[in-house]
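Working notes, beginning with the structure itself.
Remember, it's 1-based here, ligands and their atoms both numbered in the order they're listed.
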Amino acid sequence: MDVKKNGAVSFWYADMGGVPGYRAPLPGNTDVDVCIIGAGFTGLWTAYYLKQAQPSLSVAVLEKEFAGFGASGRNGG
Ligand SMILES: Cc1cc2nc3c(=O)[nH]c(=O)nc-3n(C[C@H](O)[C@H](O)[C@H](O)COP(=O)(O)OP(=O)(O)OC[C@H]3O[C@@H](n4cnc5c(N)ncnc54)[C@H](O)[C@@H]3O)c2cc1C
């Protein structure tokens with residue numbers, strides 16, 4: 001299992017056999033309409049509803065670990 005901090009991997013990821021593979025970092029600068037920092041409930045739902053409200057928006061979610069690394073991955077999963 002690949003996660004070494006924040007109390008190791010959550011029960012929910014452990015139950016799946018670990019964290020899915022990391023995506024490659026951005027190769028460089030990029031232009032988007034909205035940049036969201038953090039892929040927890042707050043960031044992911046913000047991205048979801050922004051796209052619902054205005055599908056033409058380009059939205060980037062930047063996460064320093066993996067989606068659900070923080071509190072969002074440790075309650076109901
Ligand atoms: C054990 C537990 C049980 C809970 N039970 C409940 C419950 O029953 N009901 C309820 O309503 N709430 C509950 N909560 C609270 C709820 O889970 C949190 O309030 C909620 O998940 C917070 O979501 P968030 O997206 O704001 O933050 P987080 O889930 O913490 O997400 C923030 C993300 O941002 C990332 N990040 C941070 N800094 C950077 C950076 N500089 N660059 C890029 N990424 C960054 C982190 O890695 C993380 O993935 C519980 C929490 C815990 C821990």
How close do [X] and [Y] get, counting heavy atoms only, and between which atoms?
X     : Y     : result
Asp33 : Ser56 : OD2-O, 4.0 Å
Lys51 : Leu57 : NZ-O, 2.7 Å
Ala67 : Glu63 : N-CG, 3.9 Å
Ala39 : Val61 : CB-CG1, 3.8 Å

Quick one: which ligand 1 atoms are inside 4.0 Å of a heavy atom on [X]?
X     : value
Ile37 : 40 (C), 42 (N), 43 (C), 44 (N)
Phe69 : 47 (O), 49 (O)
Leu62 : 43 (C), 44 (N)
Gly40 : 25 (O), 29 (O), 31 (O)

In Å and rounded to the nearest 0.5 Å, what is the CG to CD1 distance from Leu50 to Ile36?
->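 Taking CG in Leu50 and CD1 in Ile36, the distance rounds to 5.5 Å.
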Decide whether an N or O pair under 3.5 Å exists between [X] and ligand 1.
X     : result
Phe41 : yes
Ala71 : yes
Glu63 : yes

(message) For atom 27 (O) of ligand 1, which of the options Gly43, Gly73, Ser72 provides the nearest non-hydrogen atom?
(response)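 Residue with the shortest heavy-atom distance to the ligand atom: Ser72.
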| field | Backbone of Gly40 reached by a side-chain donor or acceptor of Ser72 within 3.5 Å | value |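 No.
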